[in-house]
Amino acid sequence: MEEIDFSTIEKKWQGKWEAAKIFEASDQSEKPKYYVLEMFPYPSGSGLHMGHAWNYTIGDILARYKIMNGFNVMHPMGYDALGLPAENAAIKAGTHPEDYNKKSIQNYIKQQRELGLSYDWSRILSTDDPKYYRWDQWIFLKMLEKGLAYQKTSAVNWCPECETVLANEQVQDGKCWRHEDTDVNIKHLKQWFFKITEYADELYENLDNMDWPDKTKAMQKNWIGKSHGTEIDFEINNETWTVFTTRPDTIFGVTFVVVSAQHKKLMELVTEERTKNIKEFLKNLGSISEKELADMEKLGVFTGSYAINPANGEKIPVYAGNFVVADYGSGMVMAVPAHDQRDFEFAKKYDIGIQAVVCPRGKEDFENFEYDIDYSRKDGKEYVLQGNSLISSGINGETTETYDNYAERIRKEIFNNTFHYRAWKSRGELIHSKQFNGLDSKKAKEKITEWLVKEDKGRKVINFKLRDWGISRQRYWGTPIPIIHCEDCGAVAVPENELPVKLPRDVTFGEGNPLETNADWINTTCPKCGNPARRETDTMDTFVNSSWYFLRYCDPNNSEKIFDEEKVKYWSPVDTYIGGAEHACMHLIYSRFYVKFLRDLGMIDFDEPAKKLFHQGMLNGEGGIKMSKSKGNVVLPETVSGKFGIDTARFFLSGLASPDKNIDWDDKGIIGSVKFVSKIFRYFENIKFADDNESVLSLLNQTIKNVSGYYDNFEYRKATIELRELFDLIDKNKASKETLGKFLQILNPICPHITEELWEKLGNDNFISTSDWPKADESKIVKKGQSGDLNDKVIESIKSIIEKVEGDFSKIYIYIMPFEISKIDSSKISDEIKKTVEVFAVNDKDKHDPQGKAKKAKPGKPSIYLE
RNA sequence: GAGGGAAUGCCGGAGUGGUCAAACGGGGCAGACUCAAAAUCUGUUAGCUUAUGCUUACGGGGGUUCGAAUCCUCCUUCCCUCACCA
């Protein structure tokens, strides 16, 4: 057989598709719209590898399937071109980021074109284009107008490697998201923020209505961190200080208060004689990274001040502590050592009193055994619960105690405040809590909150972990923040008609923010008063650019507006969005926020950016090793294309596993797909048409039906399996021209080039890629397993048994599924076999079944016992 | 500590109550064609058998059911995300 010249075929059809503009989406169409989007890439100098190609292919298969199914499909591509990596790479290469980027993008486009992806190239966009980022600036001004963009000095995450500030979302495990070896430091800087917290509740609550992966939704919920609790006012030095708690039921057990070491007003609490200690404490904290802070022991210093517990009027000490988060709640917590493990440890360490207020009522409150195990460890013993007894084995041999006894002992200890090893975190009844004594702790949460509200000492509140989005970056290659700082007028917005504020090309890279090195750019006049003023040199976080690009695709070249509302209304939201799960708490939250903001601005009429979200798995190198240059295992699409053909690779990767799973490239494994593709080509080489037989027709229609569902649900693997089965049958039986055409059509989304080539060979003069998806004719499908008369089957079975079995018997017992019992006619069988026949349902309690044969019965296959 | 996901034959990977010793692919083995094959095709790939088979098998224990890879429960292991959030 001749070698298949994949590369010629690929080029041929890519050229034809482009010339005919078949993938350019029209803004007006009779057809229903469908918007398929893959997360746009960050163009790196090293280009695309097969993993990226696979990611785009996942979307491409869907887009092609939708096109053939009569949708007006938009499938665009663009480049997330602004950002630090390009800047750093350019510096390293000794060129300007702008030039470096242009080159990278050109290379990406070339590679993507060679993959034959069904992109509408007329909608291409790049975020480093001032025509694009102008609208980033416009959104910033709108945020400013609505009070959602603001400036504040705060403790921020600083990556020394990036030399810039990071958003909370970009700090992962205390490290920079781009540098997994670099600890993030804390710096105090004046920064621009977007008030994403304004939308915290909607961002949280609306997740329930979304068709996104549960995992992603769970991650976002976790990140937004909604929790219901109570705000309680404590009086300190005649001023009101508020704490947030989810355990108002323990208010009578508060024995101290801890304020965050990073709290803005900390020093107001520190008395003169304690100032030295506190300063020293803060100094020690200042030099450590956030990660170390998280691992550190709970430390604190007494401030010298006392707070009044609003519940019982007790005077309790106020500490500054390293474990209290400054910008969650009020940055101050009430400590209940008896019922919170952290507070417990802190109290033990600093010898502060412990007051139990929730007491287990008995065994039923010991929800798990955790308390016990921890408790026992201290006396060198391990407890095991066996039946109703606790067995402990340790230094003094084995001892036994009943569980009830044990529970009672712990109960007494807690009641008498003589417990020493662990806080009681579980439920129980309230004790030492005045009028609330005896209440169940869960009930007490409400009752005490109600009481505090009535006394005007507290409020019911909802708190979020989500914090405002710090967007300032002290680097060059980002969207300039459209602000001018004037000595008299302060931070003044650049007027809308002066946008875009373009990035100056002429800057010097080195220490610090390169923008600071272009005085011509920095120095300007105040738009308000006309006096000399300075431009803001911070640029925006790269995630700003990607938060709304999917809207710009709908109207990518609009120079008057951010986009035409009608066009966005037609195309949006995205129907299926495909991208990595790593964006769950970054891009995918930010873009939800942007959509909500633009909606409230009246620009759009939907709430979420994408109806459906799909996370693709990663394509690793051979042996499951992550593809990387340093490991030398990078597989390039151009190599694959030359060796096996890109369609073969698409078929292979589709068939490996579900596209949401990580898969490994395998040069040997692809052989199976090479064989399959070759087989198809061989068939078409000397093609002979034949009338379809019944089995071919049946399988064809069955496959059309099934595969359609598979393409719709990213079950590409199942599609490849059934396509193989269908073609194997066609290969054996031969088929009509029509059947072969339909086979090519349903294979087309996975193998677009070769099916196009063979479609032409069949004598078609249209594109298979835009042809109408075949319809399954269900009447042609012959259902398998529709057996004949069950009685005949049974008779046959009995006869075969009789032939093989030795010995005499007179009676035949038949065991059958309950729902099949009406299908059996015992007299018919009896007449045929000439023996007595008795029929039982398998679940008949009174059946005669000495050998347990009833268990062996299956639907359509009764079991038989001879006696 | 909180949340999410997973465990299937030599490997990858389907399978969510019966027709499951478990699709499909890879690999292995045997055979056919061939001078020969990494090419193509056929068969086979838990063990014992050969009476509708039987036994052992879908991480482990227990349970529900006439019947469990599939449902419930507990446990073990692995992966991912967040993590001092009061």
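Numbers restart at 1 for each chain; the letters A, B, ... are given by sequence-line order, proteins then strands. These values consider heavy atoms only, across backbone and side chains, with no hydrogens, waters or symmetry-generated copies.
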With a cut-off of less than 4.0 Å, is there a side-chain N or O of A:Lys661 near OP1 or OP2 of B:A14?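 Affirmative; the distance criterion is met.
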Look at A:Tyr328 and B:A86 and indicate whether a side-chain polar atom (N or O) is within less than 4.0 Å of OP1 or OP2.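 Yes, within the criterion.
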Any-strand Watson-Crick or G-U partner of [N], both distances under 3.5 Å:
N	answer
B:U40	B:A32
B:C10	B:G26
B:C58	none
B:C82	B:G1
B:G18	B:C66

Under a 4.5 Å cut-off applied to non-hydrogen side-chain atoms, are A:Leu266 and A:Leu282 in contact?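 Touching, per the 4.5 Å side-chain cut-off.
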Select base, sugar-phosphate, or nothing to describe what [X] touches, counting heavy atoms under 4.0 Å on all strands.
X	answer
A:Lys718	sugar-phosphate
A:Lys465	base
A:Thr720	nothing
A:Lys732	sugar-phosphate
A:Lys675	sugar-phosphate

Side chains of A:Tyr710 and A:Glu722: any donor to acceptor distance under 3.5 Å?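 There is such a pair between these side chains.
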Minimum-distance nucleotide to [X] side chain [options: [options]]:
X	options	value
A:Glu725	B:C24, B:U52, B:G4	B:C24
A:Thr245	B:G4, B:C82, B:A86	B:A86
A:Met817	B:A86, B:C66, B:A2	B:C66
A:Thr246	B:C82, B:A86, B:C84	B:A86

Please evaluate the base of B:A23 for a donor-acceptor partner in the side chain of A:Arg717 within a cut-off of under 3.5 Å?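 Indeed there is one.
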For A:Lys626, does the NZ atom have more than 12 heavy-atom neighbours from other residues, nucleotides or ligands under 6.0 Å away?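 No - once you tally the heavy atoms of other residues, nucleotides and ligands closer than 6.0 Å, there are 12 at most.
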Decide salt bridge (charged side-chain N to carboxylate O under 4.0 Å, His left out) for A:Lys425 and A:Asp340; before the verdict, give the C-alpha distance in whole Å, the side-chain angles of both, and the deciding distance to 0.1 Å. CA-CA 6 Å; A:Lys425 294 184 291 180; A:Asp340 182 287; over 6 Å; no
Is the shortest side-chain N to carboxylate O distance from A:Asp249 to A:Arg247 below 4.0 Å?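 Salt bridge present between A:Asp249 and A:Arg247.
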